[in-house]
Q: 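Handing you a structure now.
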Amino acid sequence: RYWRDWSSDVCSSDLVRTTLLGAKFIPIRKEFWEVPEKLVRLEIQTVLLTFGGQDLRNLTPRILKAFSKNYPEWKKLVIVGSGFNNIVQIEEAKDEFTEIYHSPSAGEIVKLMLDSDLAISAAGQTIYELARTGVPTIAIAVADNQMFHLNGWIKEGFIASEISYKNINLEHKIFSS
């Protein structure tokens with residue numbers, strides 16, 4: 001599980017506004033407040049793919065296809081949001097060890113994360129939940145504003161390397177992380 005020193009967090013107030021800064025004040029869904037200790041397996045058996053509510057860059061079918069080809073024996077858990085326009089492509093990329101979850105509840109997402117040995121995720125808000133549940137994660141910036149966010153997680157040691165949807169040979173970058 002990811003933990004950090006909270007001593008650098010700041011809460012300041014003046015007559016106009018209150019500012020809450022630092023990881024202690026990250027808005028996280030209630031289902032993630034109390035999660036059991038995650039057991040991390042040394043050998044990957046299950047990978048979670050999650051790219052937000054829309055999969056803006058159409059990464060789910062691309063990454064799922066790569067995992068199905070390179071790691072066919074792994075169980076692949078795929079979260080599909082309500083704004084996905086690529087369901088047909090995802091269905092075409094899946095294999096017999098792929099399970100697709102359409103707009104799961106926060107409680108279901110906690111369970112999927114705890115059941116996973118590795119997550120491949122967009123570098124947005126989901127990263128906080130993955131860190132909270134202790135899932136080793138490869139994060140991909142799918143928007144330019146996520147690069148700053150991603151680099152913060154690299155500095156904290158939760159994410160190993162900077163990956164963007166713009167990377168040439170994205171799959172190689174993921175598999176070498």
Side-chain angles (χ1 to χ4, degrees), residues 2 26 28-29 32 38 40 44-106 108-177:
Y2 174 77
I26 297 302
I28 195 165
R29 295 184 282 183
F32 290 88
K38 176 164 179 45
V40 179
I44 296 172
Q45 298 173 14
T46 304
V47 63
L48 174 68
L49 303 181
T50 177
F51 290 101
Q54 294 181 314
D55 193 9
L56 183 65
R57 304 295 177 191
N58 198 31
L59 293 176
T60 302
R62 179 177 171 185
I63 303 305
L64 177 57
K65 185 176 182 179
F67 272 96
S68 295
K69 177 182 176 185
N70 292 288
Y71 300 97
E73 71 283 2
W74 287 7
K75 185 182 211 180
K76 291 156 282 291
L77 308 176
V78 180
I79 296 177
V80 173
S82 60
F84 275 49
N85 295 321
N86 54 1
I87 304 295
V88 172
Q89 292 173 293
I90 294 168
E91 290 288 339
E92 290 171 352
K94 74 178 188 177
D95 63 17
E96 64 182 309
F97 297 110
T98 302
E99 298 174 11
I100 299 174
Y101 296 86
H102 296 271
S103 301
S105 69
E108 291 169 320
I109 292 173
V110 169
K111 183 177 180 336
L112 291 171
M113 288 180 178
L114 291 172
D115 289 345
S116 299
D117 302 310
L118 174 67
I120 311 299
S121 175
Q125 288 296 114
T126 303
I127 298 297
Y128 294 102
E129 295 171 352
L130 289 162
R132 180 69 183 110
T133 55
V135 182
T137 300
I138 297 172
I140 302 168
V142 297
D144 292 338
N145 67 348
Q146 290 183 350
M147 292 306 289
F148 177 76
H149 189 202
L150 185 59
N151 283 312
W153 283 109
I154 291 169
K155 287 178 187 171
E156 290 293 330
F158 180 66
I159 302 296
S161 63
E162 183 180 291
I163 301 177
S164 167
Y165 76 96
K166 297 176 184 177
N167 286 118
I168 296 172
N169 201 357
L170 177 62
E171 293 84 350
H172 175 74
K173 185 107 173 158
I174 291 169
F175 293 138
S176 64
S177 290

Q: Please list, one pair per line, the donor and acceptor atoms closer than 3.5 Å that link side chains of residues 140-151 to other protein atoms, with sequence neighbours excluded.
A:
residue : atom : partner : partner atom : Å
Asp144  : OD1  : Lys166  : NZ           : 3.0
Gln146  : OE1  : Ala123  : N            : 3.4
Gln146  : OE1  : Val142  : N            : 2.8
His149  : ND1  : Ala123  : O            : 2.8
His149  : NE2  : Tyr128  : OH           : 3.3
His149  : NE2  : Trp153  : NE1          : 3.2
Asn151  : ND2  : Met147  : O            : 3.0
Asn151  : ND2  : Glu162  : OE1          : 3.2

Q: Side chain of Thr137, backbone of Val135: donor and acceptor closer than 3.5 Å?
A: yes
Q: For Val40 and Pro136, work out which heavy atoms get closest and say how close.
A: CG1-CG, 4.5 Å
Q: For the atom pair NZ (Lys111) and CG (Leu114), what is the distance rounded to the nearest 0.5 Å?
A: 8.5 Å
Q: Has Arg132 got its NZ or CZ under 6.0 Å from the middle of the six-membered ring of Phe32, at an angle within 45 degrees of the ring axis?
A: no
Q: Does atom NE2 (His102) have a neighbourhood of more than 12 heavy atoms from anything else shown, all under 6.0 Å?
A: yes
Q: Return yes when atom CG of Asn169 has more than 12 non-hydrogen atoms of other residues, nucleotides or ligands closer than 6.0 Å, and no otherwise.
A: yes
Q: Contact between Gln89 and Leu64 at the side-chain level, heavy atoms closer than 4.5 Å - yes or no?
A: no
Q: One pair to check against salt bridge (Lys or Arg N to Asp or Glu O under 4.0 Å): Glu129 and Arg29. What are the steps and the verdict?
A: CA-CA 8 Å; Glu129 295 171 352; Arg29 295 184 282 183; 2.8 Å; yes
Q: Using 0.5 Å steps for rounding, measure from the CD1 atom of Ile138 to the NZ atom of Lys173.
A: 11.0 Å
Q: Of all heavy-atom pairs between Phe84 and Ile79, which one has the smallest distance, and what is that distance?
A: CZ-O, 3.8 Å
Q: Could you measure the distance from the CH2 atom of Trp74 to the OG atom of Ser116? Nearest 0.5 Å is fine.
A: 11.5 Å
Q: Please work out whether the ring planes of Tyr71 and Phe67 are parallel, tilted or perpendicular, with thresholds of 30° and 60°.
A: tilted
Q: Using the side chain to side chain contact (heavy atoms under 4.5 Å, CB included) criterion, which residues pair with Ser161? Sequence neighbours excluded.
A: Ile163, Ser177
Q: When rounded to the nearest 0.5 angstrom, what is the spacing between CD in Glu171 and NZ in Lys69?
A: 9.5 Å
Q: How long is the span from the CD atom in Gln125 to the CD1 atom in Ile28, to the nearest 0.5 Å?
A: 9.0 Å
Q: Classify the side-chain pair Asp95/Thr98 by whether it contains a donor and acceptor separated by less than 3.5 Å.
A: yes
Q: About how many Å separate NZ of Lys76 and CZ of Phe97, when rounded to the nearest 0.5 Å?
A: 7.5 Å
Q: So do the side chains of Tyr101 and Leu77 get within less than 4.5 Å of each other, counting heavy atoms only?
A: yes
Q: Do Leu130 and Ser121 have side-chain heavy atoms sitting under 4.5 Å apart?
A: yes
Q: Kindly list each side-chain donor-acceptor pair under 3.5 angstrom involving residues 44-56, sequence neighbours excluded, with atom names and distances?
A:
residue : atom : partner : partner atom : Å
Asp55   : OD1  : Asn58   : N            : 3.4
Asp55   : OD1  : Leu59   : N            : 2.8
Asp55   : OD2  : Leu59   : N            : 3.3
Asp55   : OD2  : Thr60   : N            : 2.9
Asp55   : OD2  : Thr60   : OG1          : 2.9
Asp55   : OD2  : Asn86   : ND2          : 2.8

Q: Does a donor on one side chain and an acceptor on the other come within less than 3.5 Å for Glu108 and Ser105?
A: yes
Q: I would like to know whether Lys65 and Glu92 meet salt bridge (Lys or Arg N to Asp or Glu O under 4.0 Å); could you show each step before the answer?
A: CA-CA 9 Å; Lys65 185 176 182 179; Glu92 290 171 352; over 6 Å; no
